[in-house]
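Here is the structure we will look at, set down as structure tokens.
Hydrogens, waters and symmetry mates play no part in the numbers below; they use all other heavy atoms, side chains included.
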Amino acid sequence: MDSNKQSLLDRRYLRMARIWAENSYCERRKVGALVVKDNMIISDGYNGTPSGFENICEDENNTTKPYVLHAEANAITKLARSHNSSKGATMYITDSPCIECAKLIIQSGIKRVLYANTYRLDDGINLLKRAGIDVEFIDLNESDGKDK
């Protein structure tokens, strides 16, 4: 696939991850993730509480509860329950991953990670790069005119 078409698809999938993040019940930060392989979405996730828990992510002090799952973890665990393989796939995330999610991404065989917002900590991004994963920031607020 030529680089212009790939760039167009990358921006579209990132916008879709941003829309998927709207499903989150978290108030402080809504994060979405998509896993794409062979131009097909094979998994998705957004941050939130585990299945069966109340859909309240923050405590009375507006601190995120320790058992809230990140969007990347939800997407990867959803894949684990399916018959799909993430080996060689691309993950599109609204926010750069934390170090814990970076470890899951590495272990899942995902080879490319694109994100639209930079988190204050960059240890997850650094770990992904150290593992040889292609990591790219795409500013969705900056239009290149091709994705309209």
Which is it for Glu72 and Lys103 under the salt bridge (Lys or Arg N to Asp or Glu O under 4.0 Å) test, yes or no, and what are the steps along the way? CA-CA 10 Å; Glu72 304 93 320; Lys103 291 189 277 187; over 6 Å; no
Ile125 and Phe137: side chain to side chain contact (heavy atoms under 4.5 Å, CB included), yes or no, with the steps? CA-CA 10 Å; Ile125 293 296; Phe137 167 78; over 6 Å; no
Determine, stepwise, if the pair Met91 / Leu34 fulfils side chain to side chain contact (heavy atoms under 4.5 Å, CB included). CA-CA 6 Å; Met91 181 174 268; Leu34 296 178; over 6 Å; no
Would you sort out whether Ile42 and Leu79 count as a side chain to side chain contact (heavy atoms under 4.5 Å, CB included), showing the intermediate values? CA-CA 7 Å; Ile42 60 170; Leu79 262 171; 3.8 Å; yes
Would Val35 and Thr90 satisfy side chain to side chain contact (heavy atoms under 4.5 Å, CB included), going step by step from the backbone distance to the final call? CA-CA 6 Å; Val35 181; Thr90 298; over 6 Å; no
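Taking CD from Glu136 and CG from Leu114, the interatomic distance works out to 5.0 Å, rounded to the nearest 0.5 Å. We find the CD1-CG distance between Ile106 and Leu127 to be 4.0 Å, quoted to the nearest 0.5 Å. Here the CZ-CG distance, from Arg120 to Asp95, works out to 12.0 Å after rounding to the nearest 0.5 Å. Atom-to-atom distance recorded for Ser3:OG and Lys5:NZ is 12.5 Å, nearest 0.5 angstrom. Ile56 CD1 to Cys26 SG: the interatomic distance, rounded to the nearest 0.5 Å, is 11.0 Å.
No donor-acceptor pair closer than 3.5 Å links the side chain of Asp38 to the backbone N or O of Met40. Between the side chain of Ser24 and the backbone N or O of Tyr46 there is no donor-acceptor pair closer than 3.5 Å. Between the Ser43 side chain and the Ile76 main chain, no donor and acceptor come within less than 3.5 Å of each other. Judged by distance alone, the side chain of Lys111 and the main-chain N or O of Lys87 form no donor-acceptor pair under 3.5 Å. Counting only distance, with no hydrogens or angles, the side chain of Asn61 and the backbone of Thr63 share no donor-acceptor pair below 3.5 Å.
There is no path of hydrophobic side-chain contacts, each under 4.5 Å, that joins Leu69 to Ile105. Residues Val135 and Ile99 are members of one and the same hydrophobic cluster, defined by side-chain heavy-atom contacts under 4.5 angstrom among Ile, Leu, Val, Met, Phe, Trp and Tyr. Clustering ILVMFWY residues whenever any of their side-chain heavy atoms sit less than 4.5 angstrom apart, transitively, puts Leu128 in the very cluster that holds Val31. Hydrophobic clustering keeps Met16 apart from Trp20 (ILVMFWY residues linked when any side-chain heavy atoms are closer than 4.5 Å, directly or through intermediates).
Between the side chains of Thr94 and Asn117, no donor-acceptor pair is found at a separation under 3.5 Å. The closest side-chain donor-acceptor pair between Gln6 and Asp10 falls under 3.5 angstrom.
Classification of Lys78 and Asp44 as a salt-bridged pair holds, one side-chain N sitting under 4.0 Å from a carboxylate O. Under 4.0 Å is where a charged nitrogen must lie from a carboxylate oxygen, and between Glu58 and Arg29 no such pair does.
Using a 4.5 Å heavy-atom cutoff, the side chains of Leu8 and Asp2 are not in contact. Considering only heavy atoms from C-beta on, Leu9 comes within 4.5 Å of Asn39 through its side chain. Between Val113 and Asp134 there is no side-chain heavy-atom pair separated by less than 4.5 Å. Annotation: side chain of Ile41 is in contact with side chain of Tyr13 (closest heavy-atom distance under 4.5 Å).
Across all non-hydrogen atoms, the minimal contact from Ala21 to Lys30 is O-CB, 3.5 Å. Scanning both residues, Arg18 and Leu140, for their nearest heavy atoms gives NH1-CB, 3.7 Å. A pairwise comparison of heavy atoms in Ile138 and Leu14 identifies CB-CD1, 3.6 Å as the closest pair. The nearest pair of heavy atoms linking Tyr119 to Ser96 is N-OG, 2.8 Å. Of all heavy-atom pairs spanning Gly48 and Cys57, the tightest one is CA-SG, 4.0 Å. Listed here is the closest heavy atom pair of Asn74 and Thr77: O-OG1, 3.2 Å.
The aromatic rings of Phe53 and Tyr67 are tilted relative to each other, their planes meeting at an angle between 30° and 60°.
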